[in-house]
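We number each residue from 1, following the sequence as shown. As the structure lists them, so they are numbered: ligands from 1, and atoms in each ligand from 1. Keep in mind that what you see is a predicted model, and the values were worked out from it rather than measured.
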Amino acid sequence: MRSFAFEASPGRVVFGAGAIDHLPREVERLGASRALVLSTPQQAELASDLSIRLGERAVGIHPHAVMHVPVETARRAIEEAARLGADCVIAAGGGSTIGLAKAIALQSALPILAVPTTYAGSEMTPIYGLTEAGLKRTGKDARVLPKTVIYDPCLTLDLPLNMSITSGFNAIAHAAEALYAENANPITKLMAEEGIRAVAHGLPGVKANLRDLSSRSDCLYGAWLCGAVLGVSNMALHHKLCHVLGGTWNLPHAETHTVILPHVLAYNAAAAPDAMGRIERAMNTPNAVSAIFTLMQKLGAPTSLEEIGMQRADLARAASLVMELPYHNPTPVTYEGALALLDDAFMGLFTVPDRPKRQACID
Ligand code: NAD
């Protein structure tokens, strides 16, 4: 085994159906007594419920999170936290709400307690994003990593089917790229493989019955692991492409990750046999790429960039943008290669690379 460094994300995780009952205890454990509860307008009821559970430990709710954390939205939330004298922020929702909590923490160093209700995984990362004049910039700062995360699958039962499926593939994409990251190590690989296994196992059950608690638990547990490896691994072509497509053309986050995933896996398959072998083992299949695409089709996920709003005329510019900053990727990224990949993703077509025999997984 080669030598490696593993950085565990600090933080406490409380997992389980009904785990939200521990919210008051967990706020107290943070030494906080004046929590501000954040959500999107769509999840204001959840924010209000959490505030009621906290009683005097809550100073207010701020249900104004929106996608991609516009700086104006962040400024208003920071002002509200200061006005109310909040000593912790509770983010109840998906990546957009957790993103808003991160913007507050970046400015004020207030601790975040996250209550994730999607599979995006932001609660496990020190990565923040802020959007100004249509341009999203991201950064890393230890202050924005939540101190405590409460994963309660009961809070995910109302996540609509299309979002559940695409959010699940968003999680799988984090783990897939972690498997071939330049700083991958035996621990992150274990977590990534288990994360893929849990999400891929849970999604069909969610499709069959949105309120199936056991499948919801599998997906949320998997999303935790996938988010955890996202937080400590250097991402490659897949995340670069999705960042470009989301940032420049405003394509929807989870859908974009879903459509792009099998194409990047096909692009990298020959150069990342250990990663493919682990995905295959996790999904109990002889071919990682076709297994991901087949699962997408079976679950009714979007399979082409065209159907999620991309224009064919913009593909060449996207390929150029992907070439702008160098980053590690198992198969070297060329403009022609990126354009061909995008072209295939636009149409939802690709050739499945041969995987004649299951690769032995090393490390
Ligand atoms: P989201 O947070 O934008 O949520 C989408 C919608 O679904 C919102 O209206 C939300 O209120 C609603 N929703 C969420 N959970 C629900 C539930 N259980 N029931 C009913 N409705 C629910 O979507 P997302 O995909 O979780 O997050 C996407 C954002 O997160 C993007 O901006 C992305 O860049 C960011 N993100 C950041 C990181 C990071 O590490 N910084 C990681 C992943 C995603």
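- At a cut-off of 3.5 Å, with distance as the only test, no side-chain donor of N234 or H328 sits close to an acceptor on the other residue.
- Residue T334 comes nearest to M323 through the heavy atom pair C-SD, 3.6 Å, listed as atom of the first residue, atom of the second, then distance.
- Ion pairing between a basic and an acidic side chain is recognised when a charged N comes within 4.0 Å of a carboxylate O; R281 and E193 show such pairing.
- Of all protein heavy atoms, the one closest to atom 30 (O) of ligand 1 is G95 CA, 3.1 Å.
- When hydrogens are left out, the protein atom nearest atom 12 (C) of ligand 1 is Q43 OE1, 4.0 Å; that is the closest non-hydrogen contact.
- Interface of G94 with ligand 1, defined as ligand atoms under 4.0 Å from a residue heavy atom, comprises 2 (O), 26 (O).
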Applying side-chain contact (heavy atoms from CB on, under 4.5 Å) to D343 and R312, what does each step give before you reach the verdict? CA-CA 8 Å; D343 210 44; R312 182 165 231 147; 3.3 Å; yes
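- Here the heavy atom of the protein found nearest to atom 1 (P) of ligand 1 is S96 OG, 3.4 Å.
- Looking only at heavy atoms of the protein, atom 38 (C) of ligand 1 is closest to S122 CB, 3.4 Å.
- Ring orientation note: the planes of F15 and Y151 are tilted relative to one another, at an angle of 30° to 60°.
- The ligand atoms of ligand 1 that sit less than 4.0 angstrom from a heavy atom of T125 are 39 (C), 40 (O), 41 (N).
- Per-residue contacts place L155 under 4.0 angstrom from the following atoms of ligand 1 (heavy atoms of the residue considered): 18 (N).
- Scanning the protein for heavy atoms near atom 20 (C) of ligand 1, the closest one is D158 O, 3.6 Å.
- Close contacts of ligand 1 with K102, meaning ligand atoms under 4.0 Å from a residue heavy atom, involve 39 (C), 40 (O), 41 (N).
- By the 30° and 60° cut-offs, the orientation of the rings of H257 relative to H239 is perpendicular.
- Here H68 has heavy atoms under 4.0 Å from ligand 1 in both its backbone and its side chain.
- Side-chain atoms of T125 and K140 form no donor-acceptor pair, as typed in the model, at a separation below 3.5 Å.
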